[in-house]
Amino acid sequence: MSDRKHSQGSGDTWTWDADPRTNTATIGGEVDFTVSPAVRDRFVAFIEQTRGDMFLDLGNLSYVDSSGLAALIEGRKLLKAKGRKITITAISHQVRKLFELTQIGELFGL
């Protein structure tokens, strides 16, 4: 089952696609403070409906600000509390650079 969400915020569009059969979530587009609460809600709901380790595809994520990073870190913390891990399976070059600069890549298996 796949879930797709498009949201407008500051003219930016983000996408969410999730497959509970493979525990994979895909976030694309731009995630800033205007949409990060919705991203967080989708992420937490997906964590609650799945079991086992989770995989996150950020290959089509072109931009994420600190509020988006906070939403991802919060999801990771929730998974860890449940004894689960999260691994990023794909990441755009721009977002990878941000993860390296902020030194949070290690939290997600990068």
Quick one, M54 with K85, criterion side chain to side chain contact (heavy atoms under 4.5 Å, CB included). Give me CA distance, side-chain angles, the key distance, then yes/no. CA-CA 6 Å; M54 185 176 165; K85 293 191 300 186; over 6 Å; no
A25 backbone acceptor or donor facing D19 side chain under 3.5 Å: no
Quick one: pull up CD in Q103 and CG in L110 and give me the separation to the nearest 0.5 Å. 13.0 Å
Might you work through the side chain to side chain contact (heavy atoms under 4.5 Å, CB included) test for L56 and T26, ending with a clear yes or no? CA-CA 6 Å; L56 188 59; T26 304; over 6 Å; no
In this structure, CD of E106 is separated from CD1 of I104 (nearest 0.5 Å) by 10.5 Å
Does anything in residues 47-59 form a salt bridge (charged side-chain N to carboxylate O under 4.0 Å, His left out)? List the pairs, not counting sequence neighbours. E48-K82
Using modelled atom types only, decide if a donor and an acceptor are shared between the side chain of T24 and the backbone of T22 within a distance under 3.5 Å. yes
Could you tell me whether the side chain of R96 and the main chain of I91 form a donor-acceptor pair under 3.5 Å? no
Rounded to the nearest 0.5 Å, how far apart are CZ of R84 and CD1 of I86? 9.0 Å
Is it true that L58 and L107 fall in one hydrophobic cluster, defined by side-chain heavy atoms closer than 4.5 Å? yes
For residues A71 and S36, report the shortest heavy-atom separation together with the two atoms involved. CB-O, 4.2 Å
Can you tell me how far the CZ atom of F33 sits from the OG atom of S66, to the nearest 0.5 Å? 10.0 Å
If I compare all heavy atoms of L69 with all of V64, which pair ends up nearest, and what's the gap? N-CG2, 3.7 Å
Provide the closest heavy-atom pair for D65 versus S67 in the form atom of the first, atom of the second, distance. OD1-OG, 2.6 Å
List the steps and the verdict of side chain to side chain contact (heavy atoms under 4.5 Å, CB included) for E30 and T13. CA-CA 6 Å; E30 298 186 8; T13 302; over 6 Å; no
Test W16 against every option in D41, V35, I27 by the side-chain contact (heavy atoms from CB on, under 4.5 Å) rule and name the one that passes. I27
Listed by chain and number, what are the ring pair (Phe, Tyr, Trp, His ring centres under 6.0 Å) partners of F46, not counting sequence neighbours? none
Nearest heavy atoms of F43 and G75, plus distance in Å: CE2-CA, 3.4 Å
Please tell me if the side chains of V31 and L72 come closer than 4.5 Å, counting only heavy atoms from C-beta onward. no
Distance-only, no hydrogens or angles: does the T50 side chain make a donor-acceptor pair with backbone N or O of N23 under 3.5 Å? no
Mind jotting down which residue pairs meet the ring-ring contact (aromatic ring centres under 6.0 Å, His included) criterion with at least one end in residues 76-105? Sequence neighbours excluded, please. F99-F108
